[in-house]
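The next block holds one structure in the form of structure tokens; read it before the comments.
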Amino acid sequence: MLQVPFIRENKEMIIEALAKRNLDAAGMINDVLSFDEARRTMQTELDNSLSKSNKLSKEIGELFKAGNHEKGNLLRAESKKLKEFEEGLKVKLNDKANDLQQLLYQIPNIPHPSVPTGNSDEDNEEVFAEGTIPELNEKALPHWELAKKYDIIDFELGTKITGAGFPVYKGKGARLQRALISYFLDKNTEAGYKEYQVPHLINEASGYGTGQLPDKEGQMYTVSEDNPLFLIPTAEVPVTNLFRNDIIKEKDFPICCTAYTPCFRREAGSYGAHVRGLNRLHQFDKVEIVRVEHPDTSYEALDGMVEHIKNILRELKLPYRILRLCGGDLGFTSALTYDFEVFSTAQNRWLEISSVSNFETYQTNRLKLRFKDKNGKSQLAHTLNGSSLALPRVLAGILENYQTEGGIKIPDVLIPYTGFDTIS
RNA sequence: GGAGAAAUGGCAGAGUGGUCGAAUGCGGCAGUCUUGAAAACUGUUGAGGGUCACACCUCCGGGGGUUCGAAUCCCUCUUUCUCCGCCA
């Protein structure tokens with residue numbers, strides 16, 4: 001969420017920057033400013049009145065103590081009148097503050113200057129690519145065929161238990177998935193990320209904190225009898241919210257966390273070849289990294305995260321590319337996002353396996369996540385996160401790129417984790 | 001699930017209707033002393049709104065109520081602890 005004082009001082013710049021998202025924000029921004037103006041005027045009026053009542057109350061106390069009941073009762077009536085006036089003003093003030101809040105929820109984050117203009121994922125900018133795409137023969141299979149051939153992932157079985165998009169991993173498939181989770185967590189821990197295990201259900205406050213709420217509840221599953229809880233769409237939500245309402249010390253930067261969780265997404269209404277197999281699921285596993293950073297160094301931290309993920313993909317020897325998302329494809333809360341895509345040879349297409357973002361103060365403003373600067377003033381911190389990595393598509397990439405006539409080879413770095421070197 | 005107790009500043013812990021944003025201790029920060037450190041001593045130390053800066057306003061788990069006035073009384077929700085029951 002953007003900060004009102006910041007909007008006040010940078011109105012034109014913000015409108016221009018949001019145009020990169022193909023959003024004409026002028027109306028909303030003007031409303032924010034006028035709502036805020038009105039809010040402050042009312043607040044001042046109320047505060048002055050409250051100040052008067054406070055003094056009056058004090059005076060009444062003294063009068064009664066001194067035994068002057070007559071004058072005391074007189075002032076009591078006066079105070080009562082003042083209170084009624086204040087009640088009315090409070091209601092109006094609350095309404096205005098609410099309107100302002102709702103409006104602020106509608107305004108997305110300002111794209112970083114390096115974000116390219118564009119309307120869709122076709123306009124994303126490739127900034128890096130590495131790895132060799134293997135030459136596969138005519139008989140190469142997409143991963144869902146391989147999964148069936150070697151009996152390691154069962155998509156039909158999952159529909160019996162739950163429905164489409166909830167696969168069952170079996171035997172070496174399950175073991176390979178567990179190996180990947182351990183391997184990713186180990187790599188992240190080695191790089192200084194502290195491992196967490198967090199709840200897989202979140203409350204509304206957490207959803208608001210990282211920006212899933214309001215408006216995007218459609219992507220989450222609700223678990224609810226009286227007070228609503230949501231299945232996490234990503235570990236970003238519980239992990240980032242660990243620091244909600246915190247004021248941290250400057251010397252505690254950087255805060256680096258990693259967590260493995262299942263992720264649940266409704267992803268309503270898309271079917272077809274692009275969502276076959278592991279390409280898009282309602283439940284999948286992911287290892288996430290989250291950082292809380294000083295504003296001065298958050299972009300260095302973002303670069304560091306990108307390098308870290310590159311290293312993992314190098315070790316796995318998967319061909320990949322990195323895209324800088326364009327304004328039209330950039331997530332609501334993000335200022336700058338890099339997507340990592342692995343080339344799926346048998347499908348002849350790129351699969352997104354990681355998304356690394358800097359949210360700057362957009363989340364921390366909602367989270368009230370601050371730090372004390374050198375002058376003792378509290379300032380909003382920056383938050384960042386990235387997948388390292390999303391399991392199903394990495395799995396798909398490995399199955400497809402490592403297939404041979406004799407079976408699927410396991411990448412060398414994973415063999416200590418799997419205990420086998422081939423799926424056959 | 002049943003019975004009871006509690007929730008106050010970074011932590012511990014006073015405070016049962018007015019002068020309480022809140023004693024005291026610990027911790028933190030700054031200074032004195034010291035070659036340096038420790039100890040001791042002195043000062044300072046919650047958050048948000050508002051202002052050029054003050055003033056001023058709000059916040060004692062959340063929400064609502066009583067009152068001229070609430071950390072303090074009432075209702076409600078949440079959470080924690082103790083005992084009993086159940087249970088991986």
Given RNA chain B, 5'-ward residue of the pair A/Gln43 and A/Ile60, judged by closest heavy atom:
A/Gln43
Closest of B/G49, B/A47, B/C68 to the A/Lys372 side chain is B/A47
For A/Lys58 and B/A70, give me the distance from atom NZ to atom P, rounded to whole Å.
12 Å
Rounded interatomic separation in angstrom, taking CG from A/Leu93 and P from B/C57:
16 Å
May I have the distance from A/Leu369 (atom CG) to B/G48 (atom P), rounded to whole angstrom?
13 Å
For A/Ile248 and B/G10, what is the distance between atoms CD1 and P respectively, to the nearest whole Å?
15 Å
Min side-chain heavy-atom separation A/Lys286-A/Leu389 under 4.5 Å
no
Identity of whatever pairs with B/A14 - Watson-Crick or G-U, under 3.5 angstrom
none
Taking CG from A/Asp36 and P from B/G49, how many angstroms apart are they, rounded to a whole number?
11 Å
Which one, B/C68, B/U51, B/C57, comes nearest to the side chain of A/Arg76?
B/C68
Taking only side-chain N and O atoms of A/Arg39, does any of them lie within less than 4.0 angstrom of OP1 or OP2 on B/G49?
no
How long is the span from the CG atom in A/Leu313 to the CD atom in A/Glu315, to the nearest 0.5 Å?
10.0 Å
Categorize A/Asn54 for me: base, sugar-phosphate, or nothing, with a 4.0 angstrom heavy-atom threshold over every strand shown.
sugar-phosphate
Which is true for A/Ile247 with a 4.0 Å heavy-atom rule: it touches a base, it touches only sugar-phosphate, or it touches nothing?
sugar-phosphate
State, yes or no, whether a side-chain contact exists between A/Ile423 and A/Lys409 at a heavy-atom distance under 4.5 Å.
no
Checking base pairs now: Watson-Crick or wobble, both atom distances under 3.5 Å. What partners B/C54?
none
Can you tell me the pairing partner of B/A23 across any strand shown, Watson-Crick or G-U wobble, with both distances under 3.5 angstrom?
none
Looking only at atom C1', what distance separates B/A88 and B/A71, rounded to whole Å?
42 Å
Do A/Val292 and A/Thr240 come close enough that some side-chain heavy atom pair is under 4.5 Å?
no
Nearest-Å distance, CG (A/Asn48) to P (B/C57)?
9 Å
Looking across every strand, which nucleic acid part, if any, lies under 4.0 Å from A/Thr44 by heavy atom: base, sugar-phosphate, or nothing?
nothing
Does A/His69 have its ring centroid less than 6.0 Å away from the ring centroid of A/Phe64?
yes
Taking for each residue the nucleotide of RNA chain B with the nearest heavy atom, is it A/Pro5 or A/Leu46 whose nucleotide lies nearer the 5' end?
A/Pro5
Using purine N1 to pyrimidine N3 plus N6-O4 or O6-N4 for Watson-Crick, or N1-O2 and O6-N3 for G-U wobble, both under 3.5 Å, which nucleotide pairs with B/G46?
B/C59
Angle between ring planes, A/Tyr299 versus A/His112, binned at 30° and 60°: parallel, tilted or perpendicular?
tilted
Separation of B/A70 atom C1' from A/Lys83 atom NZ, nearest Å, is 11 Å
Just to be sure I understand the rule, does A/Ser57 reach a base, reach only the sugar-phosphate, or reach nothing, if contact means heavy atoms closer than 4.0 Å?
base
Using Watson-Crick or G-U wobble geometry with both distances under 3.5 Å, which nucleotide pairs with B/U82?
B/A3
Measure from the side chain of A/Ser79, starting at C-beta and using heavy atoms only, and say which of B/U58, B/C68, B/A47 lies closest.
B/C68
Heavy-atom neighbours of A/Lys52 NZ exceed 12 at 6.0 Å
no
A/Lys80 side chain near B/C68 phosphate (N/O to OP1/OP2, under 4.0 Å)
yes
Whom does B/U72 pair with, Watson-Crick or G-U wobble, provided both distances fall under 3.5 Å?
none
Step by step, would you call A/Tyr105 with A/Tyr208 a ring pair (Phe, Tyr, Trp, His ring centres under 6.0 Å)?
CA-CA 9 Å; A/Tyr105 282 142; A/Tyr208 276 95; 5.3 Å; yes
Listed pairs, N/O of protein and of nucleotides 62-66 of chain B, under 3.5 Å:
none

Name the nucleic acid region contacted by A/Leu56, choosing base, sugar-phosphate or nothing; use a 4.0 angstrom heavy-atom cut-off, strictly under.
nothing
With a 3.5 angstrom cut-off on both distances, give the Watson-Crick or G-U wobble partner of B/A40, or none if there isn't one.
B/U32
Closest to side chain of A/Ser378, choosing from B/G48, B/C57, B/G50
B/G48
May I ask which nucleotide in the shown strands pairs with B/G9, Watson-Crick or G-U wobble, both distances under 3.5 Å?
none
What contact category does A/Lys65 fall into here, base, sugar-phosphate, or nothing, at under 4.0 angstrom with non-hydrogen atoms?
base
Indicate yes or no: does A/Asp151 engage A/Lys170 in a salt bridge with an N to O separation below 4.0 Å.
yes
Using a cut-off of strictly less than 4.0 Å, decide whether A/Arg370 has a side-chain nitrogen or oxygen near OP1 or OP2 of B/A47.
no
Would you mind checking if A/Glu78 and A/Lys81 are paired as a salt bridge, meaning a charged N to carboxylate O distance below 4.0 Å?
no
Rounded to the nearest angstrom, tell me the gap between atom CD in A/Glu59 and atom C1' in B/U67.
18 Å
Side-chain atoms of A/Leu50 come closest, of B/C68, B/U58, B/G48, to B/U58
